[in-house]
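Residue numbering restarts at 1 for every chain, and letters A, B, ... go by the order of the sequence lines.
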There are 2 protein chains.
Amino acid sequence: MSDGTRWLSRDELVAWMRLQAVIELLPGALDAQLRRDSDLTHYEYLLLAMLSEAPDRVLRMSHLASATNATLPRLSHVVTRLERDGYVRREPDPADRRATLARLTEEGWDKVVASAPGHVHEVRRLVVDALTPEQVTELSTIMLTLVRVLDPANRLYHLDD
Amino acid sequence: MSDGTRWLSRDELVAWMRLQAVIELLPGALDAQLRRDSDLTHYEYLLLAMLSEAPDRVLRMSHLASATNATLPRLSHVVTRLERDGYVRREPDPADRRATLARLTEEGWDKVVASAPGHVHEVRRLVVDALTPEQVTELSTIMLTLVRVLDPANRLYHLDD
DNA sequence: GACGAATGGTTGAAGCAACAACTTCAACGT
DNA sequence: ACGTTGAAGTTGTTGCTTCAACCATTCGTC
């Protein structure tokens, strides 16, 4: 291997493998808690939570898709399921009749309220409470740097500074 | 909401949302590079890489499954595909005839060698080179803490210290 | 103001992952 | 020896994601 590849140093490799392990494990852990306690996938929860914080609890499909890093087809299928379960309603956008609005129903709101505490508790247990306050701050800084590389257009909702 | 839930502070929430964004985006970015340049999924690459570093380039299915955080059924399906492509071969374990060994073929080795530089380059671009050396060290420490919470049994291969 | 291009969204088919049921084999007790 | 229990893998089914094709509406332009 005498090519021009800049391989990782020992320390870099270790850091990368640990990050990789977290990336591998954390989504599954969050998903498991939500499925078990609230019968929602992590993505469904994210979607409902996003709607619950929007003005009037309504967002355009395309906005919702990019904010949650989903393709439009994926979102469409998920919303179809959530609509069948009564958590979300579709309505045409009066301002642009190509567009579709997704609105959180009353049941959807109740679902978010019921699901949030368990989810937050799990986030605390797995991440926030496992770290010192200083580490949380460091983590925040580092992740912001990475988000800027991964999402230059700033599509994702991540409370940028 | 006057329940006993300990909600996240502003700073904690920001840190969490950024981590969440990275977790959401990074796997997709790595997957895209590998599919584009090497026609492999990230998981397939991980599996081949793991085998390439094992003694004699052989591992038991069950060990491979837990080391890559996969269920046994999932691994079995993936190995079937990789076997069809000629990168891996199955053989019975002479020591325990319940067990199956997965062995990297010569073509599999060549595939790893050909794929690694591009993958490493992407890891550098998206993570390592985006951070200062001090941040890489911090990241390593923080991720080790999280891995210990997420994987108490230490099943995953992550170069623990 | 009509036509082509672009945007917003839905649908159906194909591929991959999770779960359950089943098969085979080893280990152990009697 | 014999039967039981548990471990190791494989296979089939179901559900979600991706991809491609498609329809409707709006925008740009002449």
Before accepting this row, confirm whether a basic side-chain N of the pair [X]/[Y] lies closer than 4.0 Å to the acidic partner's carboxylate O.
X	Y	answer
A:E83	A:R89	no
B:R6	A:D129	yes
A:D56	A:R103	no
A:R35	A:D31	yes

Presence of donor-acceptor pair under 3.5 Å, side chain of A:R97 and base of D:dT25 |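 A donor-acceptor contact between them is absent.
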With a 4.0 Å heavy-atom cut-off, tell me which residues in residues 51-65 of chain A come close to DNA chain C, sorted by residue number.
->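 Residues of residues 51-65 of chain A under 4.0 Å from DNA chain C: A:R60, A:M61, A:S62.
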Letter per nucleotide, 5' to 3', of nucleotides 11-20 of chain D [B base touched, S only sugar-phosphate touched, - untouched; heavy atoms, 4.0 Å] | BB---SSBBB
Following the transitive rule for hydrophobic clusters with a side-chain heavy-atom cut-off under 4.5 Å over Ile, Leu, Val, Met, Phe, Trp and Tyr, establish whether A:L64 and A:V58 coincide in one cluster.
->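 No, because A:L64 and A:V58 fall into different hydrophobic clusters, even though each may have its own neighbours under 4.5 Å.
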Above 12 or not: heavy atoms from other molecules or residues under 6.0 Å from CZ of B:R97?
->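 No.
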In whole Å, I'd like the distance from the [atom1] atom of [X] to the [atom2] atom of [N].
X	N	atom1	atom2	result
B:E91	D:dA8	CD	P	18 Å
B:E83	D:dT10	CD	P	9 Å
B:D85	C:dC16	CG	P	10 Å
A:D31	C:dC19	CG	P	9 Å
A:L101	C:dT10	CG	C1'	16 Å
B:L47	C:dC16	CG	C1'	15 Å

Between A:R74 and A:Y43, is NZ or CZ placed under 6.0 angstrom from the six-membered ring centre and within 45° of the ring axis?
->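 Yes, A:R74 sits over the ring of A:Y43.
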With a 4.0 Å cut-off on heavy atoms, is A:D96 in touch with a base, just the backbone sugar-phosphate, or nothing at all?
->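 Result for A:D96 = sugar-phosphate.
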Give me the one residue out of B:V14, B:I23, B:L19 that meets side-chain contact (heavy atoms from CB on, under 4.5 Å) with A:M143.
->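 Among the candidates, only B:L19 passes.
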Between A:R18 and B:S140, do the side chains contain an N or O donor and an N or O acceptor separated by less than 3.5 Å?
->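 Per modelled atom types, A:R18 and B:S140 side chains form a pair under 3.5 Å.
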